Amino acid sequence: MLDVAQAVEIDSVVKRYGTVTALHGVSMAIAEGEFFTLLGPSGCGKTTLLRCIAGFEQVSGGAIRLHGEDIAPLPPHKRMVNTVFQNYALFPHMTVLDNVTFGLLRRGWGTRDAEARGREVLRLVQLSEFAQRRPGQLSGGQQQRVALARALAPRPKVLLLDEPLSALDLKLRQAVRSELKSIQRETGIAFVFVTHDQEEALTMSDRIAVMSAGHVQQVGPPREIYEAPQTRFVADFIGETNLIDVTVTQVSGAVARLQLPGGAAMDCPAAPGARPGPGHLSVRPERLSLCAAGQGDLAAVMQDHVYLGTDTQLLMRLADGARLVVRQQAGSGTVPDPGAALGLRIEAGAARLLAD
Amino acid sequence: MTDLRHFTGFRPLTVLCLFILYAPLVIVAVYSFNESTSITRWGGFSLKWYVDVFTGPEAPKFRDAAINSFTIAIGAATCATLIATAAAVAMTRAGRFRGKLASLALINLPLMVPEIVTAVASLVFFITIGLTTGLLTIFLAHVVFCIPFAYLPISARMQSVPDVYEQAAMDLYATPWEAFRLILLPLMAPGILSGFLLAFIISLDDFLITNFVKGAGVETLPTAIFGSVKQGIKPNIMAISTLLLGVSVVCVTLSWLIGRAGQKR
């Protein structure tokens with residue numbers, strides 16, 4: 001990572017509103033040409049961080065470097081970053097083309113050059129025929145693309161996107177995802193994308209920063225975030241997971257030895273920061289399989305099931321009363337009767353000890 | 001909730017109220033077309049009193065007064081609109097600042113203070129600072145009481161323009177001034193025009209304050225009409241009142257239509 005040029009460096013950024021702290025010294029680096037996602041529930045500080053990068057919020061501490069230059073003290077109009085707003089904020093009294101050339105003209109481009117560049121960007125988002133329309137005459141999806149074109153036109157060093165897909169309906173959202181991703185690849189501009197939608201984050205991002213309560217929980221590629229969560233928050237927030245109470249007997253490097261409920265011992269990968277003592281093991285429901293009672297890693301009793309089409313959710317209870325969910329793919333095996341005693345096998349390498 | 005229309009006596013009460021409110025206006029308007037010199041007996045249709053307003057013995061007086069009235073109304077409404085726009089920007093965009101509530105109260109105070117008090121106070125003030133009463137004092141007094149009327153539609157409009165537009169403009173390299181001029185101002189234009197028209201008509205119609213601060217020999221239309229009436233009501237007064245009523249109705253309707261068109265967008 002070190003030899004890759006950094007587009008944005010967030011260095012110990014603190015943001016306070018009066019007595020409330022929205023960002024507790026957040027740090028991360030976003031590489032040139034990267035699709036970087038800030039993911040978290042509402043109120044986690046992801047939008048605040050984006051607004052700090054854009055310049056709509058003044059940081060209370062720390063630095064934000066854009067290509068090495070600290071931009072934290074600059075007003076928004078002096079930062080070479082552009083934003084796609086949640087509700088697009090297209091200027092209603094201007095045509096689509098005037099919206100798109102607005103930033104270019106402010107940057108001192110000539111009218112003709114600006115118009116040529118504006119039409120080029122509109123071609124990129126496939127809206128050439130709509131150049132003379134007003135934003136009010138466009139559909140939500142078209143407005144979203146105008147907002148994207150407007151923000152891309154001045155060739156910003158970084159593009160900020162504030163939940164740009166949340167106002168679209170589900171079908172359109174899925175189509176726009178791949179479009180957005182391909183535009184990002186085509187332009188080579190680093191995207192900082194804010195969302196609370198984990199599916200959006202997993203499908204589009206090169207890397208994800210999971211945030212909670214003003215802290216960065218974990219930064220990594222989607223696969224790592226999903227398969228190797230480090231904290232309970234990340235394991236719980238991304239996808240569905242089973243958190244099993246375990247006793248950690250030994251941690252050596254990235255491997256821990258622990259005792260499962262019921263007494264069975266196992267070795268598994270441990271997140272950095274895991275310590276001996278009581279801990280939590282995360283196992284995804286699809287990485288658990290059924291076996292006969294007395295076998296496997298855990299003893300469970302079948303409670304109920306939920307049919308979901310592509311798969312079936314089996315709701316289980318452990319001897320200590322903890323609930324577990326097992327995902328069974330459609331057509332693979334029969335659904336046990338309620339009350340049946342079973343064994344559960346954890347797929348090798350699928351469990352992970354969390355740092356808590 | 002029970003529909004108001006189902007209360008006993010709702011309809012006759014409504015008719016009575018409307019009658020009391022508008023019958024005098026209708027009578028003035030109708031009798032301005034009266035052939036006879038009487039203001040109570042109908043003598044057939046005629047436009048002669050309208051001709052009289054423009055060419056009769058009192059025509060020069062009314063013409064001068066009308067020029068004064070319109071000059072003051074346009075000037076005062078323009079100044080009041082500028083001040084009200086600046087006030088609205090501060091009140092809706094500057095966030096919280098010390099004395100915000102006090103400022104809001106101060107802007108709207110002229111609506112609450114009895115007009116006669118403002119009139120007396122203005123006159124005393126002008127005399128104290130040694131300003132000779134005349135067109136200038138009328139103009140200054142009008143600017144002051146027009147501000148809240150201009151402020152109301154402008155701030156209402158501005159509150160309906162989310163500040164994300166200005167943020168988007170600044171994100172696209174517009175300086176704060178460019179964001180105001182290119183984005184906020186055009187979006188606020190309907191409110192500003194609406195506020196201007198309202199201020200204009202309030203200034204045009206004012207009698208009480210004008211009468212106090214106008215000084216000898218300077219007349220506006222309302223004071224000129226009042227002066228005429230003191231020598232007995234002639235139908236030409238009705239004609240000129242009807243004309244003034246027409247201007248008022250047009251301005252207020254325009255102000256309302258522009259405001260509404262702005263809201264819809």
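Note that the structure is predicted; figures quoted are calculated from it, not measured. Labels below follow one simple rule: chain letters A, B, ... track the order of the sequence lines, proteins then strands, and each chain is numbered from 1.
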### Task
Mind listing the closest non-hydrogen atom pair of A/F91 and B/Y165 along with its distance?
CE2-O, 3.3 Å

### Query
So which heavy atom on B/P176 is nearest to which on A/H77, and how close?
CD-CE1, 3.6 Å

## Note on the structure
A/R177 meets the side chain to side chain donor-acceptor pair (under 3.5 Å) criterion, sequence neighbours left out, with A/E199

Tell me if the [atom1] atom of [X] is crowded by more than 12 foreign heavy atoms within 6.0 Å.
X	atom1	value
B/F125	CZ	no
B/L101	CG	no
B/K100	NZ	yes

### Query
Is the backbone of B/D171 close enough, under 3.5 Å, to the side chain of A/N82 for a donor and an acceptor to pair up by distance?
yes

### Task
Using non-hydrogen atoms and a 4.5 Å limit, figure out which bit of B/A169 sits close to chain A: side chain, backbone, both or neither.
both

Region of [X] in contact with chain B, defined by heavy-atom distances below 4.5 Å:
X	value
A/L105	neither
A/R150	both
A/M80	both

### Query
B/T175, B/I183, B/L182, B/V164: which one forms the most heavy-atom pairs within less than 4.5 Å of chain A?
B/I183

### Query
Between A/R79 and B/Y173, is a side-chain contact (heavy atoms from CB on, under 4.5 Å) present by the stated rule, with each step listed?
CA-CA 8 Å; A/R79 301 182 182 203; B/Y173 316 109; over 6 Å; no

### Query
To the nearest 0.5 Å, how far apart are CD in B/E178 and CZ in A/F102?
7.0 Å

#### Entry: Steps toward side-chain contact (heavy atoms from CB on, under 4.5 Å) verdict (B/Q167, A/R51)
CA-CA 10 Å; B/Q167 286 181 3; A/R51 292 175 62 83; 3.2 Å; yes

